[in-house]
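Here the structure comes first, spelled out in structure tokens, and everything after it is commentary.
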Protein chains: 2
Amino acid sequence: MMLSAVMEDYLKAIYVLHAEADGNVKTSDIATQLDVKPPTVTSMLKKLAEKNLVNHEPYQGVELTPTGESVALEVIRHHRLLEAYLTEELGYDWSEVHDEADRLEHHVSETFIDRLATRLDEPRVDPHGDPIPSADLDPVEDPSGTALIDFSVDETVIIQRVRNQDPEILRYLEAHGIKPGTRVTIKEVTPIGMISIQPHSYETIVSLPTSVARSIWANQTGEASTSVP
Amino acid sequence: MMLSAVMEDYLKAIYVLHAEADGNVKTSDIATQLDVKPPTVTSMLKKLAEKNLVNHEPYQGVELTPTGESVALEVIRHHRLLEAYLTEELGYDWSEVHDEADRLEHHVSETFIDRLATRLDEPRVDPHGDPIPSADLDPVEDPSGTALIDFSVDETVIIQRVRNQDPEILRYLEAHGIKPGTRVTIKEVTPIGMISIQPHSYETIVSLPTSVARSIWANQTGEASTSVP
DNA sequence: TGAGTAAATTAGAAACGCCTAATTCTTATA
DNA sequence: TATAAGAATTAGGCGTTTCTAATTTACTCA
């Protein structure tokens with residue numbers, strides 16, 4: 001299937017929106033995600049429907065067909081492998097990889113991606129903790145995690161995933177020792193929309209607005225730490 | 001200067017054609033190079049001229065302006081660094097790199113290219129022996145070389161450059177030990193358009209059509225080898 | 001030097017991806 | 001249940017890059 005980079009972007013957007021805004025994907029969601037106007041989305045959905053990549057019931061939302069989902073997964077695989085590669089081999093910051101991967105994902109060959117994957121030893125997650133679809137494009141089961149905001153004071157958890165692409169925010173988080181794999185203890189949850197945490201790899205306590213804390217997913221460590229005085 | 005990938009391709013093509021078909025570049029040359037029809041070239045030349053990237057005297061050929069040349073050199077720098085990188089770090093064959101680099105060259109950031117260059121230790125030539133423009137985009141002086149076809153029987157020379165992008169041909173050459181840096185001895189030049197050479201890194205004698213031998217540039221080793229029985 | 005040919009250009013149209021303005025549909029609420 | 005608000009779609013248009021067909025220009029050679 002020979003698709004334009006723009007079409008791939010639409011399919012990726014629909015996949016991502018479907019996964020996170022669990023349920024049906026609306027024209028306006030896609031428009032926001034891709035920074036275009038709604039009529040542009042409608043006309044593209046028609047083309048994608050003609051190619052059997054989406055099912056579009058006018059006024060009722062869109063769904064990917066199995067073919068459309070495969071394309072989306074392939075693009076996402078490209079994106080996340082590129083992010084992992086840029087971080088691990090080219091010394092990119094966590095905060096820089098998203099934009100570069102967004103442009104390259106449509107222009108790398110399958111050969112390129114396979115060699116990247118081999119070289120990185122088939123990684124399962126990218127630097128943000130997002131799962132990387134396998135080469136056979138089985139739908140990724142999104143690892144369940146709990147937002148940082150939903151833990152209680154004094155719980156110690158391991159950061160799994162940071163669902164945020166804003167370079168400014170990522171730079172701040174990294175500078176304060178917060179990224180996937182980090183162990184942190186919840187110190188305080190204020191009523192005015194702030195949460196304070198103690199990253200174990202970092203000296204001082206870090207405060208985050210709840211909007212940011214909602215995008216950080218973590219799991220309980222399982223051992224220890226459930227004991228609270 | 002914000003240019004489309006297509007415009008960059010035209011500027012690159014004009015630069016390359018100017019360098020090799022020494023003199024003025026014709027509309028039809030560009031059309032052949034980019035695999036489009038001549039009217040398409042004419043209309044693009046108008047747009048490039050409006051942006052002061054080329055000087056186009058209708059019916060008389062095109063030239064790059066200094067700005068246009070800088071853009072071309074930047075694209076060529078991207079291309080050749082990518083080729084070097086794909087070969088050295090991702091295990092690409094000599095014959096595979098051209099197409100991949102052609103697609104990626106327009107979509108990598110300056111940051112990406114700088115990190116590639118640093119990682120490869122600022123290489124001066126790509127896997128084909130083509131010179132890589134420096135980061136400040138000084139015009140590359142094309143290293144002078146003599147086509148293989150222009151040496152005499154029994155001369156021993158070092159291959160400098162293989163000016164051919166055909167993957168089939170490159171695969172053949174590589175399989176027979178012929179690439180930049182290889183030392184070979186000219187064994188026979190037939191009147192029917194064949195040249196036979198002995199690569200020193202390879203057991204048997206290899207025969208090449210003169211069309212191919214014309215695209216292989218070499219330099220005399222300087223020592224020895226000028227002695228002929 | 002003048003005619004014929006080859007190359008380049010102009011003219012006009014199509015596909016793509018985007019837009020604004022106008023219209024239609026859905027849904028929530030009075 | 002009727003209507004008003006909001007979302008989505010249709011209508012129509014623009015810039016980009018390409019094409020084919022028609023025309024113009026430059027050059028060759030008789």
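So that the names make sense, note that chain A is the first sequence line, chain B the second, and so on, each numbered from 1. Below, all heavy atoms of this structure are taken into account, side chains as well, without hydrogens, waters or symmetry copies. Because the structure is a prediction, the values reported are computed rather than measured.
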Any side-chain N or O of A/K46 less than 4.0 Å from the OP1 or OP2 oxygen of D/dT9?
-> no
Sequence neighbours left out, what passes side chain to side chain donor-acceptor pair (under 3.5 Å) with B/D35? Give chain and number order.
-> none
Report the residues that fulfil side-chain contact (heavy atoms from CB on, under 4.5 Å) with B/T87, sequence neighbours left out, ordered by chain and then residue number.
-> B/V97, B/P127
Distance, nearest 0.5 Å, that separates CG of A/L73 from OH of A/Y15 | 4.5 Å
In whole angstroms, how far is the C1' atom of C/dC16 from the CG atom of A/L48?
-> 13 Å
Residues in side chain to side chain donor-acceptor pair (under 3.5 Å) contact with B/S196, at least two apart in sequence or another chain | B/S207
Residues at least two apart in sequence or cross-chain that pass side-chain contact (heavy atoms from CB on, under 4.5 Å) with B/D150, listed by chain then number, are B/T146, B/A147
What pairs meet the side chain to side chain donor-acceptor pair (under 3.5 Å) rule with one or both residues in residues 51-66 of chain A, with sequence neighbours excluded?
-> none
Is NZ or CZ of B/R171 both nearer than 6.0 Å to the six-membered ring centre of B/W94 and within 45° of the ring axis?
-> no
Could you note down all residue pairs passing side chain to side chain donor-acceptor pair (under 3.5 Å) where residues 103-131 of chain B supplies at least one of them, sequence neighbours left out?
-> A/E89-B/R119, A/E96-B/R115, A/E100-B/S109, A/H107-B/H107, B/E8-B/H106, B/D9-B/H106, B/K12-B/E105, B/H78-B/E110, B/H79-B/E105, B/E83-B/H128, B/E89-B/R119, B/H128-B/Q165, B/D130-B/R161
More than 12 heavy atoms of other groups within 6.0 Å of A/E20 CD = yes
Grab the CD-C1' distance between A/E57 and D/dA7 for me, whole Å please.
-> 16 Å
Mind listing the N/O atom pairs, protein and nucleotides 23-27 of chain D, below 3.5 Å?
none

Would one find more than 12 heavy atoms of other residues, nucleotides or ligands at under 6.0 Å from atom NE2 of B/H176?
-> yes
Residues of residues 25-39 of chain A with any non-hydrogen atom less than 4.0 angstrom from an atom of DNA chain C: list those, numerically ordered, please.
-> A/V36, A/K37, A/P39
Net bend of the helix from C/dT1-D/dA30 to C/dA30-D/dT1, end axes of five pairs each, nearest 10 degrees = 20°
Integer-rounded Å distance: C/dA15 P and A/L3 CG | 18 Å
Taken in chain and number order and not counting sequence neighbours, the residues that satisfy side chain to side chain donor-acceptor pair (under 3.5 Å) with A/Y85 are B/Y85
Just jot down the salt bridge (Lys or Arg N to Asp or Glu O under 4.0 Å) partners of A/K179, sequence neighbours excluded, or say none.
-> A/E174
Supply the atom-to-atom distance B/L86 CG to B/D99 CG, rounded to the nearest 0.5 angstrom.
-> 11.0 Å
Under 4.0 Å between a side-chain N or O of B/H56 and OP1 or OP2 of C/dA8?
-> no
Please write out each protein N/O paired with an N/O of nucleotides 15-17 of chain D under 3.5 Å, distance rounded to 0.1 Å.
unit_1: D/dT17; atom_1: OP1; unit_2: B/S4; atom_2: OG; d: 2.6

